[in-house]
Amino acid sequence: MTVRENLEVGAYLPPARERMTEGLSAVHALFPILRGKGSLLAATLSGGEQQMLALGGTDGAAQAPFAGRSVHGAGPRTIAGLCDTLRSLSGQGIGLLIAGQHVRRILTLASRAYLLEQGRITEEAHGAELLRSPQLRRALLNTA
C-alpha cells in the first residue's frame, strides 16, 4: 500500500471519511516528513517514517495504534521526534498505550506506567516514579 492509502485506512466509516482532508492535514502537521510521500510505497519508508505512518494511519491520528510496529534501528533524531509527537498528543488529552524498549524515554512521558513480568503487572506507578524503581532495574538487568 502507498503512504496515502495507509493514512486513509482508518477512514472507512462515514464520519471519518467526511473528515479525511482535515485528518490528513493533522497528520501532516504532526509528521511533516510524510507530506509529499503519499504516492510512495509504505515499505520503502525508513523505520521511523513507518512508525509515524502507523501513528497517523487512522482517523487523523486520534485513534492511532502502533499495530505492533517497531522503531528498532531508528535514529536518535527520529526517536526524539516521535517522543515529542507523543508528548503533544498526550497534551491534547489523547490516551496512549506505549510498550517498548526505550524505557527511559517512555517512562518520562508516562503519567501511568506498569511493569509487566511474565504477563503479570508487578508494579504500577507514575512513569518517573517507576523509572527509579529497584524492581524495574532488576527486571531490565535480569539480576536477582
Side-chain angles (χ1 to χ4, degrees), residues 1-13 15-16 19-20 22-144:
M1 289 174 52
T2 67
V3 169
R4 172 86 184 207
E5 289 167 338
N6 273 274
L7 291 174
E8 291 175 345
V9 114
Y12 60 89
L13 296 175
R19 295 188 315 271
M20 176 77 72
E22 179 184 327
L24 288 173
S25 294
V27 170
H28 290 140
L30 285 171
F31 307 113
I33 197 165
L34 295 179
R35 189 177 284 121
K37 295 189 178 196
S39 62
L40 296 177
L41 291 176
T44 64
L45 298 178
S46 72
E49 290 169 341
Q50 287 182 14
Q51 187 67 48
M52 292 175 205
L53 184 58
L55 278 169
T58 61
D59 182 17
Q63 304 169 17
F66 277 90
R69 305 221 182 196
S70 171
V71 293
H72 178 72
R77 282 192 296 173
T78 299
I79 299 295
L82 283 171
C83 287
D84 289 344
T85 299
L86 295 173
R87 191 174 289 108
S88 171
L89 291 171
S90 178
Q92 295 173 39
I94 296 171
L96 303 167
L97 174 63
I98 305 169
Q101 64 210 35
H102 299 279
V103 175
R104 186 168 282 116
R105 285 184 185 264
I106 290 171
L107 290 178
T108 60
L109 294 170
S111 57
R112 211 71 218 132
Y114 303 88
L115 175 60
L116 297 173
E117 295 181 272
Q118 298 180 346
R120 290 200 160 128
I121 296 173
T122 58
E123 194 163 350
E124 171 183 353
H126 186 276
E129 185 181 330
L130 187 60
L131 189 56
R132 295 185 298 270
S133 163
Q135 188 171 349
L136 175 71
R137 285 193 179 88
R138 280 193 302 275
L140 290 178
L141 299 174
N142 205 19
T143 59

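Just so you know, these numbers use all the heavy atoms, side chains as well, and skip hydrogens, waters and symmetry mates. Since we're looking at a predicted model, the values are computed, not measured.
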Under the rule for side-chain contact (heavy atoms from CB on, under 4.5 Å), what residues qualify as partners of A125, not counting sequence neighbours?
E129, L130
For the [atom1] atom of [X] and the [atom2] atom of [Y], what is their distance to the nearest 0.5 Å?
X    : Y    : atom1 : atom2 : value
H126 : L131 : NE2   : CG    : 11.0 Å
L53  : I33  : CG    : CD1   : 12.0 Å
L40  : M1   : CG    : CE    : 14.0 Å
T44  : K37  : OG1   : NZ    : 8.0 Å
T122 : L116 : OG1   : CG    : 7.0 Å

Side chains of E49 and V3 in contact at under 4.5 Å (non-hydrogen atoms)
no
Should H28 and L7 count as side-chain neighbours, where that means a heavy-atom distance under 4.5 Å?
yes
Shortest non-hydrogen contact between [X] and [Y], atoms and distance:
X    : Y    : result
A139 : E117 : CB-OE2, 3.6 Å
G127 : A113 : CA-CB, 3.8 Å
R105 : T108 : O-OG1, 2.7 Å

Under the 3.5 angstrom rule, does the side chain of R137 hit a backbone N or O of R132 as a donor-acceptor pair?
yes
Would you indicate whether R112, at its atom CZ, is surrounded by more than 12 heavy atoms from other residues, nucleotides or ligands within a distance under 6.0 Å?
yes
